[in-house]
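In each ligand, atom 1 is the first atom listed, and ligand 1 is the first ligand listed.
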Amino acid sequence: MNIVPALMQFADGSPVSTAADWTKRREELLDLLCREEYGYAPEKCAVTAEVTEINPKCAGGSAKLESVQLTFHAPKGDHTVPMHLFMPTDGKTHPLILLINFRPDPYDMYCPTEEILDNGFCFAELCYKDITSDDADFENGLAGCFDRPTDGTGWGKISLWAYAMQGALDYLLTRPEIDKNNVAVAGHSRLGKTAMWCAAQDERIRFALINGSGCGGTALEQTKHADAETYEHIHKYFGYWFCENHHKYTTQTISSVLDQHMALACIAPRFAAVGCAKDDLWADPWSEKICCTAAAPAWEVLGEKGFDGDDTQAEIGTFLHGGHIAYHLRAGIHFFSRKDWLPYMEHIKNNLK
Ligand code: GCU
């Protein structure tokens, strides 16, 4: 496979051949992805939290649910984002999954909440629209609390949603119920893109659960198949997810600059799980699998197994989890299904620190 630009090569053309090289290359890639794709996020701001409600017995009685109000103290004002936090009540610490979701309902169709708890996880949920609206308005919610650079590199909405997830983690990692070594972030579709970008940047996150993320997520642009969404399409309808610099790229012109394997690779040496549905041609499950293959050298230079798969098209039921990048393909359509959550939870449990 000839993926251009090369992952394991610095911008000046010199090779990335040691672990120390990769540390520098990752910084270079994150900077490239900020400047040319997602936009630079605002400077970190203080986040405070208030627990406003506790349900001591939920989901069958083995867990508690707290309503937490997270307040971001930003330069142009404060903004509060509600979060649901479920925790098993057995007195032990548990790995955390932080889900950024489309709706604020704690028992949503995109998450089998009770099953996640029964599998021994703490589970936190944010609703993306509580952070800022899903449109080109950069003045509402948390977006309105920062100045946004107008030189083409200013954060798009994906970057801001990921920023808020990081702010939520600032608080979650202070909770004694949560096992800080085993933190996962999760999201579906546009929020799968968001979860990936969040984990790419934040080394506190051990697992990224990236579901149906497609274009601008884990689908490699240069290998897009028929019926898949392309950069041209995404810029036309959802250009505000990205920084303005990204709008100049098309499938053809991107090749010399960047592609999605670079974002996935920034998760190395941590863990990523990529999942898609067979009929979700818009997200392009095959290009997602090729992306896993293309990102794997980042793990290998660190002495870890990257991806236990190749760039051929997967069959329904595929679950490749012998490396740090897991990939599964289930039957069906674009959805965050229980059949996605099961392999994700397995991947985490197999790789707990
Ligand atoms: C649209 C968009 C995708 C996105 C999806 C979603 O289909 O084109 O890029 O992933 O919405 O978020 O559901």
Checklist entry - With atoms numbered from 1 as shown, which atoms in ligand 1 lie under 4.0 angstrom from a non-hydrogen atom of Lys193? => result 3 (C), 4 (C), 9 (O), 10 (O)
Next on the checklist: Would Trp282 count as being in polar contact with ligand 1, using the rule that some N or O on each side must be under 3.5 angstrom apart?
Outcome noted: yes
Item to check | Flag if over 12 foreign heavy atoms under 6.0 Å of CZ, Arg338 | outcome: no
Next on the checklist: Treating Tyr344 as the side-chain partner and Gly275 as the backbone partner, does any N or O pair qualify as donor plus acceptor under 3.5 Å?
Outcome noted: yes
Checklist entry - Which residue and non-hydrogen atom of the protein lie closest to atom 2 (C) of ligand 1, and at what distance in Å? => result Phe238 CE1, 3.4 Å
Item to check | Sole candidate of Thr52, Thr48, Thr80 that passes side chain to side chain donor-acceptor pair (under 3.5 Å) when paired with Gln69 | outcome: Thr52
Item to check | His233, any N or O under 3.5 Å of ligand 1 N or O | outcome: no
Checklist entry - So is Tyr237 in contact with ligand 1, going by heavy-atom distances below 4.0 Å? => result no
Next on the checklist: Check this for me - ligand 1, Ser189, N or O atoms closer than 3.5 angstrom, yes or no?
Outcome noted: yes
Checklist entry - Can Arg103 be said to sit on top of Tyr110's aromatic six-ring, NZ or CZ under 6.0 Å from centre and within 45° of the ring axis? => result yes
Checklist entry - Among protein heavy atoms, which sits nearest to atom 9 (O) of ligand 1, and what does the distance come to when rounded to 0.1 Å? => result Glu229 OE1, 2.5 Å
Next on the checklist: Can you see whether Phe138 has Lys157 sitting over its ring - NZ or CZ less than 6.0 Å from the centre and within 45° of the normal?
Outcome noted: yes
Item to check | Steps toward salt bridge (charged side-chain N to carboxylate O under 4.0 Å, His left out) verdict (Arg330, Asp340) | outcome: CA-CA 7 Å; Arg330 63 164 171 82; Asp340 298 307; 2.8 Å; yes
Item to check | Asp280 side-chain N/O to Ile333 backbone N/O, donor-acceptor pair under 3.5 Å | outcome: no
Next on the checklist: More than 12 heavy atoms of other residues, nucleotides or ligands under 6.0 Å from NZ of Lys248: yes or no?
Outcome noted: yes
Item to check | For atom 12 (O) of ligand 1, the protein heavy atom that lies nearest, with its residue and separation | outcome: Arg190 NE, 2.5 Å
Checklist entry - Is the shortest distance from a heavy atom of His188 to ligand 1 less than 4.0 Å? => result no
Item to check | Residue part near ligand 1, for Phe335, under 4.0 Å between non-hydrogen atoms | outcome: neither
Checklist outcome for this item: If we number the atoms of ligand 1 from 1 as shown, the ones under 4.0 Å from a heavy atom of Ile234 are 9 (O)
